[in-house]
Amino acid sequence: MKSFINVQDIGPLEKAMAEAFEIKNDRFKYQHLGKNKTLMMIFFNNSLRTRLSTQKAAMNLGMNVIVLDVNAGAWKLETERGVIMDGDKSEHLLEAIPVMGCYCDLIGVRSFAGLTDREYDYAETVLQQFIKYSGRPVFAMETATVHPLQAFADLITIHESWMESEKGKVNSEKFPTGQRSAEANSSLLPIHSYLKRPKVVLTWAPHCRALPQAVPNSFAQWMNAAEDVDLVITHPKGYELDPKFVGNARVEYDQKKAFEGADFIYAKNWSNPGVTNPADYGKITCEDRSWTVDTEHMSWTNNGKFMHCLPVRRNLIVTDDVIESPNSLVIPEAANREISCSVVIKRMLEAL
Amino acid sequence: MKSFINVQDIGPLEKAMAEAFEIKNDRFKYQHLGKNKTLMMIFFNNSLRTRLSTQKAAMNLGMNVIVLDVNAGAWKLETERGVIMDGDKSEHLLEAIPVMGCYCDLIGVRSFAGLTDREYDYAETVLQQFIKYSGRPVFAMETATVHPLQAFADLITIHESWMESEKGKVNSEKFPTGQRSAEANSSLLPIHSYLKRPKVVLTWAPHCRALPQAVPNSFAQWMNAAEDVDLVITHPKGYELDPKFVGNARVEYDQKKAFEGADFIYAKNWSNPGVTNPADYGKITCEDRSWTVDTEHMSWTNNGKFMHCLPVRRNLIVTDDVIESPNSLVIPEAANREISCSVVIKRMLEAL
Amino acid sequence: MKSFINVQDIGPLEKAMAEAFEIKNDRFKYQHLGKNKTLMMIFFNNSLRTRLSTQKAAMNLGMNVIVLDVNAGAWKLETERGVIMDGDKSEHLLEAIPVMGCYCDLIGVRSFAGLTDREYDYAETVLQQFIKYSGRPVFAMETATVHPLQAFADLITIHESWMESEKGKVNSEKFPTGQRSAEANSSLLPIHSYLKRPKVVLTWAPHCRALPQAVPNSFAQWMNAAEDVDLVITHPKGYELDPKFVGNARVEYDQKKAFEGADFIYAKNWSNPGVTNPADYGKITCEDRSWTVDTEHMSWTNNGKFMHCLPVRRNLIVTDDVIESPNSLVIPEAANREISCSVVIKRMLEAL
């Protein structure tokens, strides 16, 4: 695997999921792979979960890790070519990227959308420069438009939760009880082997700051790829995600209708993607707090689980009651970030 | 050991001290304990000694270490429940803590007193949330009211110094010369086996900023627990430490009387603890620079050693002459931070 | 090796170069040397290459690494003795240095020139305090007046490039073809065994901020020591480097004349060294942009290679065209930082 950006990069999802559960059972199994290998984690933006879970995953795999906060302790970077660099930026990305590549074997990059120039963001300009100039395999630790480590962890979390629930009981016709080992039940079974495909609802929720679309984009992309979930996306008019991420998902503008019968509610704010009106790109065009997920919203679901990638603004995205309820999966989701990242790094180490 | 906050958490001090000297003789002896274990160090405040010595101790024990500066590179954290989070704080501690716990085996937390709300500080609100929600053993790297790694290192330093000095010679009746091996003399002997208990004086000293009471609190607590030292506390009226930390120590408001015959002077500033007047909590109610420890002060002692936890404001807490004199123990104290921390982490690893 | 500051500290250059090429062939060969040893990297200033390459080198050698950004997460440090520390500085370097030394085996220090007090800077006041008070071997990660890890990497880069080029072909009289193994050709051959000594030109270039002289100082020092290069230094009048660094190099004020026939152009800005006029120390006394290295400049050379230590201000020091041309060695130079640092750390570990 030369880079990890989109769901296609991980190959067949069933295999990737099997590896995820294998690693979750024994996190240090592939520790030999990382000996004398160095991961460089490059942050242009803040991070908690990604920073910690990626470090942990790399150390589980026996790697050395170097963390670089570009905006703290390094030099401010110029990104445009042709500029006379007599301002506050001491170094050009065109030098910095190959230099960083010199001192490591793998690179993880976090670089958020600027939210002012849709074309620049959706071209993944910074990420593509890393891929082009670093000379190393690169994986996205949330870039301008995608956050695949999160979406992969979300998929793992949905499978785990579904397998444990009554609703997700194995389809007894396809897999009569007694014919499958416990291990098979717990690790390798794709959701589409179950009696019922879970209904997964990605819902927009209000926020006080303009946020990127990376998380909903990747979530939609991965749920589409999983094939074994029934994805519905709900948001105010004008917040349509890019069609290449929406794929075959059903879009429902009525949040209540969308929630009806849902097994999983995945809440997230995003700023206007500028799909229906390019001038709105990156703006907050709806502040309707009736979209905040509260207990009434959850009562519309089929005893649905609540998910969010975190960090979450309480009582804006979701109420205290919902996020603290037994149906909240936000912590297991975060915990699975270590697992999704371990699979990705393992694959990259194997391909070196 | 599930948490390390107070002296009681370490169990019998004699055993803890013996382990400290054992580890000082061979810092890598317990390296196997930390294999594939991760320490997460979480800093809400600045640190030099604690940051470096804790990392060193954990690496000595074979651990992986992740350092997180909450205020640099992560998200600002909300600590109140029920708030509509539409301000500058992107994440709630109630999510952040269990998430951090996901990616590690042990947690060290530094979170200073805010010095505005005595009840909040003395309830150790932040630390207790880590203990309650992280799912991991937690140790204090200086919290609102305690700094036990420092006090433990101070106790090690006092023992070492006392054992080496003429004054601390072994009580020949209890331990006739020739009957004890050098090893016993250097490692396992409690101070109360000596001819004379050292007189240890904790003295307030002036400072230009309001500082927490964590260091004097823990120092008093540990000296009380050690039983084999004679503790006197001296400070201006109104600076009384919390009685639960003062314990059986003698309080002497006349600094000169307190210093007379002292074997160890432990200087430290603290802001008003609000014990006698709650409205004074966290304030500077005395700026009297006659309390600065200078050579005249030290001349009142019995050739006393000078101690301070560092960082120290020279010529405010202590003069250049005193801190640079052969009787200054400030560097050995700092060096013993690696040792005290090694014992604590070793215990926590054994209990996993 | 107790400290690494000047070229003399590394001993015979031929041996150091041989070790560099040996390590470049097998970066993990000396990994046993660093077991249970800790490097502390102390940054008073920003860093990209030095931060990353030094960490990488130390990890290659099996060391534990602690990185300390003094201005982020630690305490502001007082450097003057005798000050009443009631300002914004919480700790004195006289305590901080021996404390840092407590927790490690080797120390790397980055501390730039202040550029206001020539005597203070050229006395290497901060570095010398680390050497005097830390109790550990210390190496310079760019100090007030030198950057030896860079100069060593530059020398490696020049040798590599020269050996690969037609111009640098082995002197057939001294080393008739067929009598030398490929390994000998690629690793151990000093430049003075070649047909022609390369002409190396250190050229000043304009900049918008006042920069230290550390890089040109060390570059001149190392090129002088190498003996097998022909060093010319060119800069506007008044920018004369300190004679102790210029050594036997030829100074040529006419940039075009200097460039004629050059095999290597090493561009760098530096502020006025205050040699001819002490009052000018650390100032920008020339802003002449005709010194910017562009394709016309390079056309004066003998198909010369372009070098710069990075970070570089594009279109101020050098144009996009030149730095992106096949003759640009800036990335191989940066890559060799890992190698030069590995040799230095290896030597220090061997001498512990």
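Per chain, numbering begins at 1; letters A, B, ... match sequence-line order.
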>> Rounded at 0.5 Å granularity, tell me how far CZ in C/R289 sits from CD1 in A/I84.
In response: 6.0 Å
> In Å, rounded to the nearest 0.5 Å, how long is the span from CE of C/M59 to OG1 of A/T38?
Replying inline: 4.0 Å
Heavy atoms only: give me the nearest [X]-[Y] pair and the separation to one decimal.
X: C/C208; Y: A/G87; value: SG-O, 4.4 Å
X: C/A334; Y: A/Y103; value: O-OH, 2.5 Å
X: A/S90; Y: C/R209; value: OG-NH1, 4.2 Å
X: C/P311; Y: A/E91; value: CB-OE1, 3.3 Å

Heavy-atom distance under 4.5 Å between the side chains of [X] and [Y], does that happen here?
X: C/Q55; Y: A/N64; result: no
X: C/E324; Y: A/L94; result: yes
X: C/L52; Y: A/M100; result: yes
X: C/L48; Y: A/L68; result: yes

> Is it true that atom CD of A/Q8 has more than 12 heavy atoms of other residues, nucleotides or ligands lying nearer than 6.0 Å?
Replying inline: yes
> Does CD in C/E287 sit with more than 12 non-hydrogen atoms of other residues, nucleotides or ligands closer than 6.0 Å?
Replying inline: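 Atom CD in C/E287 is not crowded, with 12 or fewer foreign heavy atoms closer than 6.0 Å.
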> Side chain, backbone, both or neither: which part of C/F28 has a heavy atom under 4.5 Å from chain A?
Replying inline: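 Answer is side chain: those atoms of C/F28 sit under 4.5 Å from chain A.
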> With a 4.5 angstrom heavy-atom cut-off, which part of C/Q31 approaches chain A: side chain, backbone, both or neither?
Replying inline: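 When you check distances to chain A, only side chain atoms of C/Q31 fall under 4.5 Å.
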> Looking at A/K89, A/H92, A/R81, which makes the most heavy-atom pairs under 4.5 Å with chain C?
Replying inline: A/R81
> Mind checking which of residues 313-322 of chain C sit less than 4.5 Å from chain A, heavy atom to heavy atom?
Replying inline: C/R313, C/R314, C/N315, C/L316, C/D320, C/D321
>> With a 4.5 angstrom heavy-atom cut-off, is it the side chain or the backbone of A/K37 that approaches chain C, or both, or neither?
In response: neither
> Pick from C/T50, C/N60, C/I323: which one has the most heavy-atom pairs with chain A under 4.5 Å?
Replying inline: C/I323
